[in-house]
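Have a look at the structure below, then the notes.
Values below: every heavy atom of this structure, side chains too, minus hydrogens, waters and symmetry copies. Here the structure is a predicted model, which is why all the values come from computation and not from measurement.
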Amino acid sequence: MMGLIILIIWFSVIIGIPFGCFGSYERTLLSVQKQKALFVFGDSLFDPGNNNYINTTTQFQANWSPYGESFFNPPTGRFCDGRIIPDFIAEYAELPLVPSYFEIGKDHFVHGVNFASGGAGCLVETFRGFVIDLKTQLKYFKKVTKDLKNKFGRKKSKQLLSNAVYIFSAGNNDYFNFDATYPKHEYANMVIGNLTSVIKGIHKEGGRKFVILSLGPLGCTPGSRALNFQQGNKSGNCIQQLTTLAKIHNSALPKMLKQLEQKLPGFKYSLFDFFKVATERINNPSKYGFKTSKTACCGTGPFRGIYSCGGKRQVKEYKLCKNVKDYLFFDSGHLTEMVYKQVAELLWNGTVDVIQPYNLKSFFHLPA
């Protein structure tokens, strides 16, 4: 088949037929041969609009203005003023925007699929019934792999899946929804255990290259500061218990990944220190081009930390900043496009102090 495609291309050059006139199957088959794809899993840091298509509430959606205002018109459902991390990674990898699972068309999954869902956690119980939990995201991924095998055959689909990169932002909502009846470390073990199970499931389908973001300082979002303020801490300090939970989770990630590396054939991983990157910007916003890291651009109440941006949720009142580029946070819990671009650049080109053992630029070109 490959020889036939090359012959057709050669013949088209001779007689002057543009390559774009070929059938979609031949073009798609060639793109499979390039073996570059990005599959995205997780929560609202990565959700491109999957929650637009499920039976949920506006608490778990963002498909209205001013969301998306810096890049998208109309809004797409991204929990940001513009693009999010996977959008920039796709750009750097010379891929099209990775489509949401519910928007993949007939041939639009060869460059990857985004399964992320705002509010989702590693645990099925986290906001159950309102989000697409990680286990269900794995189920959707298995449907995609089946479609790939049916369309391109086992060999070519295996090649694509093994060379693809699988990126995760998962666990944040499990700790925002922390069940205090469990000891902290036991709860974290359950979260990590579910994440491990999903990674193993993807590996079984052919995935080999995994990128995991650590959790950020969860207690230092404008929403966390506003809650602390409302509970009597008028200084609006971070909620240390939430950040401690993130640290417990993050300390377990390297051990889990190294164990998988030892147990799973061909398994490769890269761990990104999102906690360090976010904390640096929260503590030193001006160093990174921002004026404030405590107050959100969009919301109401203390630090604009009440989750009301756009007036479509339980609280309707909200204020919007004049210049979003001055702000680290767009709403009570989500960062601005400028921050996500900085994070994506570090994921792509970063050194071992923030991402190891590979950055994504090298990871994409690493043979499976």
Side-chain angles (χ1 to χ4, degrees), residues 43-84 117-121 126-127 129-131 172-173 175-178 216-239 241-243 278 281-282 285 290-340:
D43 50 33
S44 57
L45 267 69
F46 286 0
D47 184 358
N50 278 311
N51 282 8
N52 300 347
Y53 299 91
I54 64 174
N55 183 20
T56 187
T57 70
T58 55
Q59 290 296 109
F60 300 95
Q61 293 176 316
N63 55 335
W64 57 81
S65 181
Y67 288 103
E69 64 176 8
S70 299
F71 190 80
F72 298 102
N73 184 22
T76 59
R78 288 165 169 81
F79 293 79
C80 181
D81 62 294
R83 289 162 291 182
I84 52 178
S117 168
T126 298
F127 300 124
F130 295 98
V131 300
N172 295 286
N173 294 296
Y175 298 106
F176 280 126
N177 202 39
F178 174 56
L218 302 180
C220 296
T221 65
S224 295
R225 292 183 193 275
L227 179 60
N228 214 6
F229 184 94
Q230 290 167 337
Q231 292 176 345
N233 185 343
K234 300 304 180 184
S235 64
N237 290 337
C238 303
I239 297 179
Q241 183 187 17
L242 270 173
T243 300
R281 283 155 179 77
I282 288 169
F290 304 101
K291 289 185 178 178
T292 180
S293 60
K294 292 184 177 181
T295 300
C297 169
C298 187
T300 192
F303 308 100
R304 292 193 196 128
I306 293 174
Y307 191 44
S308 63
C309 186
K312 301 277 189 178
R313 303 189 178 103
Q314 291 175 353
V315 177
K316 307 301 180 189
E317 177 190 350
Y318 76 96
K319 293 180 180 179
L320 183 65
C321 67
K322 290 182 179 179
N323 187 2
V324 67
K325 291 182 179 179
D326 291 340
Y327 289 76
L328 202 72
F329 285 91
F330 183 63
D331 66 14
S332 64
H334 304 104
L335 299 162
T336 60
E337 180 185 76
M338 289 287 289
V339 186
Y340 285 142

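Residue Asn55 qualifies as open at atom CG: its count of foreign heavy atoms under 6.0 Å is 12 or below.
Side-chain atoms of Asp331 and Tyr318 form no donor-acceptor pair, as typed in the model, at a separation below 3.5 Å.
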Query raised in the report: Passes side-chain contact (heavy atoms from CB on, under 4.5 Å), Thr300 versus Val315? Steps please.
Result: CA-CA 9 Å; Thr300 192; Val315 177; 4.0 Å; yes
Subject >> Chi angles and distances behind the ring-ring contact (aromatic ring centres under 6.0 Å, His included) call for Phe329, Phe303 >> reply: CA-CA 10 Å; Phe329 285 91; Phe303 308 100; over 10 Å; no
*asked:* Test side-chain contact (heavy atoms from CB on, under 4.5 Å) on Lys234 and Phe229; report intermediate values, then the result.
replied: CA-CA 5 Å; Lys234 300 304 180 184; Phe229 184 94; 3.9 Å; yes
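Side chains of Cys80 and Phe330 form no contact here, defined as non-hydrogen atoms less than 4.5 Å apart. Within the 4.5 Å cutoff, the side chain of Gln314 has no heavy atoms near those of the Ile306 side chain. A 4.5 Å side-chain heavy-atom check between Tyr67 and Arg78 finds every atom pair outside the cut-off. Contact of the Ile84 side chain with the Leu45 side chain is not registered, since no non-hydrogen atoms from C-beta on lie closer than 4.5 Å. Residues Phe127 and Gln59 form no side-chain contact, since every pair of their non-hydrogen atoms from C-beta on lies 4.5 Å or further apart. Under the 4.5 Å side-chain criterion, counting only non-hydrogen atoms from C-beta, Gln61 is in contact with Thr56.
A distance-only check finds no donor-acceptor pair linking the side chain of Ser224 to the backbone of Ile239 [under 3.5 Å]. Counting only distance, with no hydrogens or angles, the side chain of Thr126 and the backbone of Gly121 share no donor-acceptor pair below 3.5 Å. No donor-acceptor distance shorter than 3.5 angstrom exists from the side chain of Asp81 to the backbone of Thr336, with no hydrogens or angles considered. Side-chain atoms of Arg304 never come within 3.5 Å of backbone atoms of Gly299 as a donor-acceptor pair (strictly under, hydrogens ignored). For the pair Asn233 (side chain) and Asn228 (backbone), a donor-acceptor distance under 3.5 Å is absent.
Geometrically, Lys325 does not engage Phe290 in a cation-pi contact, judged by NZ or CZ lying under 6.0 Å from the ring centre and within 45° of the ring axis.
For the pair Pro217 and Ala278, the tightest heavy-atom approach, listed with the atom from each and the gap, is CD-CB, 3.7 Å. Contact record, Val324 with Cys297: CG2-SG, 4.0 Å, taken as the closest heavy-atom pair. Here the shortest heavy-atom pairing between Gly310 and Pro66 reads CA-CD, 3.7 Å. Summarising the geometry of Ala62 relative to Pro75, their closest heavy-atom pair is O-CB, 4.4 Å, with the distance given to 0.1 Å. Nearest approach of Phe130 to Ile54, heavy atoms of both residues: O-CD1, 3.4 Å.
Evaluated for a side-chain hydrogen bond (donor to acceptor under 3.5 Å, both in side chains) with Ser117, the options Asn173, Asp47, Asn50, Asn51 yield exactly one hit, Asn51.
Here the OG atom belonging to Ser65 is positioned 9.5 Å from the NZ atom belonging to Lys312, to the nearest 0.5 angstrom. Atoms CG and OG1, on Leu335 and Thr221 in that order, are 9.5 Å from each other to the nearest 0.5 Å. Of the inter-residue distances, the one linking Thr76 atom OG1 with Arg83 atom CZ reads 11.5 Å to the nearest 0.5 angstrom. Considering OG of Ser308 and NZ of Lys316, their distance stands at 10.0 Å, rounded to 0.5 Å. For the atom pair CG (Leu328) and OG1 (Thr292), the distance works out to 8.5 Å, reported to the nearest 0.5 Å. Atom CG of residue Asn52 and atom CH2 of residue Trp64 lie 9.0 Å apart, to the nearest 0.5 angstrom.
Checked against the 2.5 Å cut-off, the SG-SG distance between Cys321 and Cys298 does not fall under it.
Evaluation of the side chain to side chain contact (heavy atoms under 4.5 Å, CB included) rule for Cys238 yields Cys220, Arg225, Gln240 as partners, not counting sequence neighbours.
Using the six-membered ring where Trp is involved, His334 and Tyr307 have ring planes that are tilted, between 30° and 60° apart.
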